[in-house]
K.L.:
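Please find one structure pasted underneath; my questions will follow.
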Amino acid sequence: MKTRLTALLKQSMGTLQKQGALPIDLAVNIKLEHTRDNSHGDFACNLAMVLAKPTKRNPREIAQLLIDNLDSDVNIEKVEIADPGFINFFLNPLSQHQVVSTILEKGEAFGKSKLGTGKKVQVEFVSANPTGPLHVGHGRGAAYGATVSNLLGAIGYEVHREYYVNDAGRQMDILATSVWLRYLESCDVQLVFPSNGYKGDYILSIASDIKATHGDLFCSNAQDVFENVPADEPGGGDKEQHIDALIARAKSILSDANYRLIFDAALNSILGDIRTDLEDFGVHYDDWFSERSLMDSGAITKAIDRLKASGHMYEKEGAWWFKSTDFGDEKDRVVIRDSGQTTYFASDIAYHLHTLERGYDIIDVWGADHHGYVPRVRAALQAMGADPSRLKVLLVQFAVLYKNGEKMQMSTRSGEFVTLRTLREKVGSDAARYFYVMRKAEQHMDFDLDLACSESNDNPLYYVQYAHARVCSVMKQLAEKKMSYTPSIGLENLARLTEQQELDLIDSLNRYPEKLSQAALNYEPHQLSYYLRDLANNFHSYYNSHQFLVDDAALCSARLALINACKQVLQNGLKLLGVNAPESM
RNA sequence: GCGCUCGUAGCUCAGUUGGAUAGAGUAUCGGCCUCCGAAGCCGAAGGUCGUGGGUUCGACUCCCGCCGAGCGCGCCA
């Protein structure tokens, strides 16, 4: 309907241009919108006001001309001009009713579109370092990334969901060393655990698993382990130097193979845990991409060579730098350290290049603390000759946690955090998913744990699910009362739906496809959750003011057709949000 | 200090990319179950859209200056 009206307006404008009433060379973009207030009709257009300036004429006058030259359409009941020059379209109410039959016919496909057909996009999200379990902070990225992926899929994109596994680098060495030290403790070795090591309980359990399968194989004495290791911070030393020295001791005491064994045991245990955690949260990936595999495959060398060939690399103080300032970054970045090791940034460049070469545009969902990282990645892509617009970075703000009215600091290192699993066990996956995507991603979010856990019934999700369950309940009543519902009869009698609540509900249903594509194109799942809330509200109002199961069989079927259409749309929307639509609750 | 994100009802947040009288939830107050589920509905009250300028037919939205919050500014990842 919207495109129809736009076409009519364009046509009218064209006619006026031919007549010479309007200049030919007008480049205006017609904006036709659903009205906020239905006293303004169903659609409103600002065309006349936009035209007022270039033509130097009164907008109302132009509006009248446009209306006079508008072709008639059975669906348009009347057209009005309103201050300061809006053209308001009032549609024939019955023309909107058709959506009920469209919904019942298309089912779960209703609302989907082909806007993104032929486009391949990779959404990379969560990608937390496998150094500990996911906490509630990661949950937001997980829910957001998964929903954005679903939305893009619904409008026709070919979506590839990926988790980039940081299974290389210093953090992982610290993790492996932490595990080994805990293992040594379990072998009754007396030692002081490094202040910069990972202290969570899960480290203990990984260590004891290793002990259970390998016995004393990796044992060593404390004297040996701490030989020539500089003091830790509490001992007046530097905690970074201390832990680095311990890593070196671990590698030297254990053989390469044994160090790798402990390293992999830690990695696999934690990553496995993250995987099942996300699965349980309804978040599924097409691929778990290993950073280490980039090193092994030579992809990093290849990417660096490409940067060198582009002339944007230089050597300074023994390291190789990428001249990202050529592309607007604040400072140049090291890619190869003076030690010869490549940096995390080098891996990331290779990873992005690799993804583009696989034919995907890239959407990275990152925590807002990484925003300073965006320019250098984009710069690297540009230097390698890639179109930087193929990379879109979506930043998700942190959720600030409150417990007992106090702000909580979370740290994986210290082992002090609330896990995503704990949250899920308390409020359920559905409520958590919905809660996370209710706010738009850039908003700083206050997350009151006590409220989320104790009063989970207040979660607005239940309001939406309840509407769905109510429709199901009505259909059960129908059977119990031995009444009948014939969809075809209902669809033939849609004209009987003339109550205000019915018109409102139908209006709401008509807006779903547009809302969906808007939410998808803007990467804004919260738009969908707000829509569903609104749809549910229209349904509940209807439910409270009219009886569906009435004796008039034609009217009854028409009403049931309407609420079943409503149920379908609720179901479609909730599915995209990764939330169940229960038949009873 | 520089950069990014943000500031809207007591609280938590929307605001259709510049449109009409700034909206929801929650909390508060008042109504609604002989009736398909009251996890619901209807109503009241609640605002200097951080602040001061600017751009125009029109600004919560765009530009500039302040105030305030969070984050970032490693040869960490």
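Chain A is the first sequence line, chain B the second, and so forth, proteins listed ahead of strands; every chain is numbered from 1.
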K.L.:
Can you check whether Tyr530(A) stacks with the A14(B) base, using ring centres under 5.5 Å and planes within 30°?
P.N.:
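No; by the centre-distance and plane-angle rule, Tyr530(A) does not count as stacking on A14(B).
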K.L.:
For U5(B), does the O4'-C1'-N9-C4 or O4'-C1'-N1-C2 angle fall within 90° of 0, making it syn, or is it anti?
P.N.:
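Anti conformation here, the glycosidic angle of U5(B) being more than 90° from 0.
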K.L.:
Could you tell me how far apart Asp534(A) (CG) and G15(B) (C1') are, to the nearest whole angstrom?
P.N.:
13 Å
K.L.:
Would you please classify the geometry between the Tyr530(A) ring and the His526(A) ring as parallel, tilted or perpendicular, with 30° and 60° separating the classes?
P.N.:
perpendicular
K.L.:
More 5' along RNA chain B: Val334(A) or Cys45(A), using each one's nearest nucleotide?
P.N.:
Cys45(A)
K.L.:
Provide the distance between the two P atoms, one in G65(B) and one in A24(B), to the nearest whole Å.
P.N.:
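It works out to 36 Å between them.
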K.L.:
Using 30° and 60° as the class limits, which term best fits the ring planes of His352(A) and Trp366(A): parallel, tilted or perpendicular?
P.N.:
perpendicular
K.L.:
Check the distance between G25(B)'s P and Gln443(A)'s CD and give it to me in whole angstrom.
P.N.:
19 Å
K.L.:
Just to be sure I understand the rule, does Ser339(A) reach a base, reach only the sugar-phosphate, or reach nothing, if contact means heavy atoms closer than 4.0 Å?
P.N.:
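Nothing, no nucleic acid heavy atom in range.
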K.L.:
State the pairing partner of C71(B); accept Watson-Crick or G-U wobble contacts with both distances under 3.5 Å, and report none otherwise.
P.N.:
G3(B)
K.L.:
When you measure from the side-chain N and O atoms of His526(A) to the phosphate of G15(B), is any distance below 4.0 Å, counting only OP1 and OP2?
P.N.:
yes
K.L.:
Between P on C36(B) and CG on Leu478(A), what's the gap in Å once rounded to a whole number?
P.N.:
14 Å
K.L.:
Does Lys515(A) reach a base, just sugar-phosphate, or nothing at all? Heavy atoms under 4.0 Å.
P.N.:
nothing
K.L.:
Hey, which of Phe89(A), Phe43(A), Tyr512(A) is the one that makes ring pair (Phe, Tyr, Trp, His ring centres under 6.0 Å) with His34(A)?
P.N.:
Phe43(A)
K.L.:
Return no unless some side-chain N or O of Ser541(A) is found under 4.0 Å from OP1 or OP2 of G40(B).
P.N.:
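False: Ser541(A) side-chain N/O out of range (4.0 Å or more) of G40(B) OP1/OP2.
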K.L.:
Once you apply a heavy-atom cut-off of 4.0 Å, does Gln547(A) come out as touching a base, just sugar-phosphate, or nothing?
P.N.:
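Result for Gln547(A) = base.
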K.L.:
Taking only Lys NZ, Arg NE, NH1 and NH2, and the carboxylate oxygens of Asp or Glu, determine whether Asp534(A) and Lys515(A) approach each other closer than 4.0 Å.
P.N.:
no
K.L.:
Whom does G30(B) pair with, Watson-Crick or G-U wobble, provided both distances fall under 3.5 Å?
P.N.:
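G30(B) is paired, partner C42(B).
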K.L.:
Could you tell me which nucleotide pairs with A9(B) by Watson-Crick or G-U wobble geometry, both distances under 3.5 Å, or answer none if nothing does?
P.N.:
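Its partner is none (no Watson-Crick or G-U wobble pair with both distances under 3.5 Å).
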K.L.:
Within this structure, what is the CE-to-P distance between Met49(A) and G18(B), rounded to whole angstrom?
P.N.:
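Rounded to whole Å, this separation is 14 Å.
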K.L.:
Base of C41(B), side chain of His540(A) - is there a donor-acceptor contact under 3.5 Å?
P.N.:
no
K.L.:
Side chain of Gln477(A) only, please: which of A39(B), C36(B), G19(B) is the nearest?
P.N.:
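Nearest listed nucleotide: C36(B).
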K.L.:
For residues Tyr523(A) and Tyr144(A), establish whether the separation of their ring centroids is below 6.0 Å.
P.N.:
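Judged by ring-centre distance (under 6.0 Å), Tyr523(A) and Tyr144(A) do not meet the cut-off.
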K.L.:
NA contact type, Ala82(A), heavy-atom cut-off 4.0 Å: base, sugar-phosphate, or nothing?
P.N.:
base
K.L.:
For A39(B) and Arg470(A) - does any side-chain N or O of the residue sit under 4.0 Å from the phosphate oxygens OP1/OP2?
P.N.:
no
K.L.:
May I ask you to check if Arg470(A) and Phe539(A) form a cation-pi contact, with NZ or CZ under 6.0 angstrom from the six-membered ring centre and within 45° of the axis?
P.N.:
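No, cation not above the ring by the 6.0 Å, 45° rule.
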K.L.:
Where each residue is assigned the nucleotide of RNA chain B containing its nearest heavy atom, which of Leu395(A) and Gly372(A) is assigned the position nearer the 5′ end?
P.N.:
Leu395(A)
K.L.:
Counting any heavy atom closer than 4.0 Å, what does Lys440(A) reach on the DNA or RNA strands: base, sugar-phosphate only, or nothing?
P.N.:
sugar-phosphate
K.L.:
Which whole-number value in Å describes the distance from Asp348(A) CG to G74(B) P?
P.N.:
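In whole Å, G74(B) P lies 17 Å from Asp348(A) CG.
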K.L.:
Using whole Å, what does the distance between atom P of nucleotide A14(B) and atom CG of Asn522(A) come to?
P.N.:
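Interatomic distance, CG of Asn522(A) to P of A14(B): 14 Å.
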K.L.:
What is the pairing partner of C49(B), taking Watson-Crick or G-U wobble pairs with both distances under 3.5 Å in any strand?
P.N.:
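Base-paired to nothing in any strand shown.
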K.L.:
Suppose you measure atom C1' in G53(B) against the same atom in C11(B); what distance do you get, rounded to whole Å?
P.N.:
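Those two atoms are separated by 32 Å.
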K.L.:
Considering only the C1' atoms, how many Å lie between A9(B) and C62(B), rounded to the nearest integer?
P.N.:
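A9(B) and C62(B) have their C1' atoms separated by 26 Å.
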K.L.:
What's the gap between C13(B) and C57(B) when it is taken at their C1' atoms, as a whole Å value?
P.N.:
32 Å
K.L.:
Is the terminal nitrogen or CZ of Arg511(A) (NZ for Lys, CZ for Arg) located under 6.0 angstrom from the six-membered ring centre of Tyr531(A) and within 45° of that ring's axis?
P.N.:
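Verdict for Tyr531(A): no cation-pi partner in Arg511(A).
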K.L.:
Between Asp348(A) and Arg376(A), does at least one N-O distance fall below 4.0 Å, as a salt bridge requires?
P.N.:
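Not counted as a salt bridge, because no side-chain N and carboxylate O are separated by less than 4.0 Å.
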K.L.:
Any carboxylate oxygen within less than 4.0 angstrom of a Lys/Arg side-chain nitrogen, looking at Lys316(A) and Asp332(A)?
P.N.:
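Between Asp332(A) and Lys316(A) there is no salt bridge, as every charged N stays at least 4.0 Å from the carboxylate O atoms.
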K.L.:
I need the CG-P distance between Asn537(A) and U26(B), as an integer number of Å.
P.N.:
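Computing the Asn537(A):CG to U26(B):P distance gives 11 Å.
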K.L.:
Consider the side chain of Tyr373(A), meaning its heavy atoms from C-beta on, and name the nucleotide among G72(B), A77(B), A38(B) that approaches it most closely.
P.N.:
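Comparing G72(B), A77(B), A38(B) against the side chain of Tyr373(A), the answer is A77(B).
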K.L.:
Compare the ring of His40(A) with the six-membered ring in the base of A20(B) and state whether they stack (centres under 5.5 Å, planes under 30°).
P.N.:
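Stacked: ring centres under 5.5 Å, planes under 30°.
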K.L.:
Looking at the side chain of Ser473(A), which of U17(B), C36(B), G3(B) is the nearest nucleotide?
P.N.:
C36(B)
K.L.:
Between G72(B) and His370(A), counting only base atoms on the nucleotide and side-chain atoms on the residue, is there a donor-acceptor pair under 3.5 Å?
P.N.:
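Per atom types, no contact qualifies.
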K.L.:
Does a side-chain N or O of Tyr463(A) approach OP1 or OP2 of C41(B) to a distance below 4.0 Å, or not?
P.N.:
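Tyr463(A) to C41(B) OP1/OP2: side-chain N or O found under 4.0 Å.
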K.L.:
How far does the C1' atom of G1(B) sit from the matching atom of G58(B), given to the nearest Å?
P.N.:
39 Å
K.L.:
Roughly how far apart, to the nearest Å, are G46(B) and A22(B) at atom C1'?
P.N.:
14 Å
K.L.:
Please name the nucleotide paired to G37(B) by Watson-Crick or G-U wobble geometry with both distances under 3.5 Å, or report none.
P.N.:
none
K.L.:
For a quick test of reading the model: is some side-chain N or O of Arg337(A) closer than 4.0 Å to OP1 or OP2 of C76(B)?
P.N.:
yes
K.L.:
State the pairing partner of G19(B); accept Watson-Crick or G-U wobble contacts with both distances under 3.5 Å, and report none otherwise.
P.N.:
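Paired with C57(B).
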K.L.:
Taking syn as a glycosidic torsion within 90° of 0 and anything else as anti, which one is C42(B)?
P.N.:
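Classified anti.
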K.L.:
Which is true for Asp338(A) with a 4.0 Å heavy-atom rule: it touches a base, it touches only sugar-phosphate, or it touches nothing?
P.N.:
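Base, at least one base heavy atom under 4.0 Å.
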K.L.:
Please work out whether the ring planes of Tyr164(A) and Tyr351(A) are parallel, tilted or perpendicular, with thresholds of 30° and 60°.
P.N.:
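Taking Tyr351(A) first and then Tyr164(A), their aromatic rings lie parallel (interplane angle under 30°).
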K.L.:
Base of A20(B), side chain of Asn88(A) - is there a donor-acceptor contact under 3.5 Å?
P.N.:
yes
K.L.:
Considering only atom P, compute the distance from U51(B) to A77(B) and round it to an integer number of Å.
P.N.:
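So the two P atoms sit 44 Å from each other.
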K.L.:
Within the structure shown, what part of the strands sits under 4.0 Å from Met475(A) by heavy-atom distance: base, sugar-phosphate, or nothing?
P.N.:
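Met475(A): no heavy atom of the nucleic acid under 4.0 Å.
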K.L.:
Could you state the NZ-C1' distance from Lys331(A) to G1(B), rounded to the nearest angstrom?
P.N.:
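For the pair Lys331(A) NZ and G1(B) C1', the rounded distance is 13 Å.
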K.L.:
Please measure how far the C1' atom in C60(B) lies from the corresponding atom in A14(B), and state the result in whole Å.
P.N.:
12 Å
K.L.:
Using a 4.0 Å heavy-atom cut-off, does Arg533(A) contact any base of the nucleic acid, only the sugar-phosphate backbone, or nothing at all?
P.N.:
sugar-phosphate
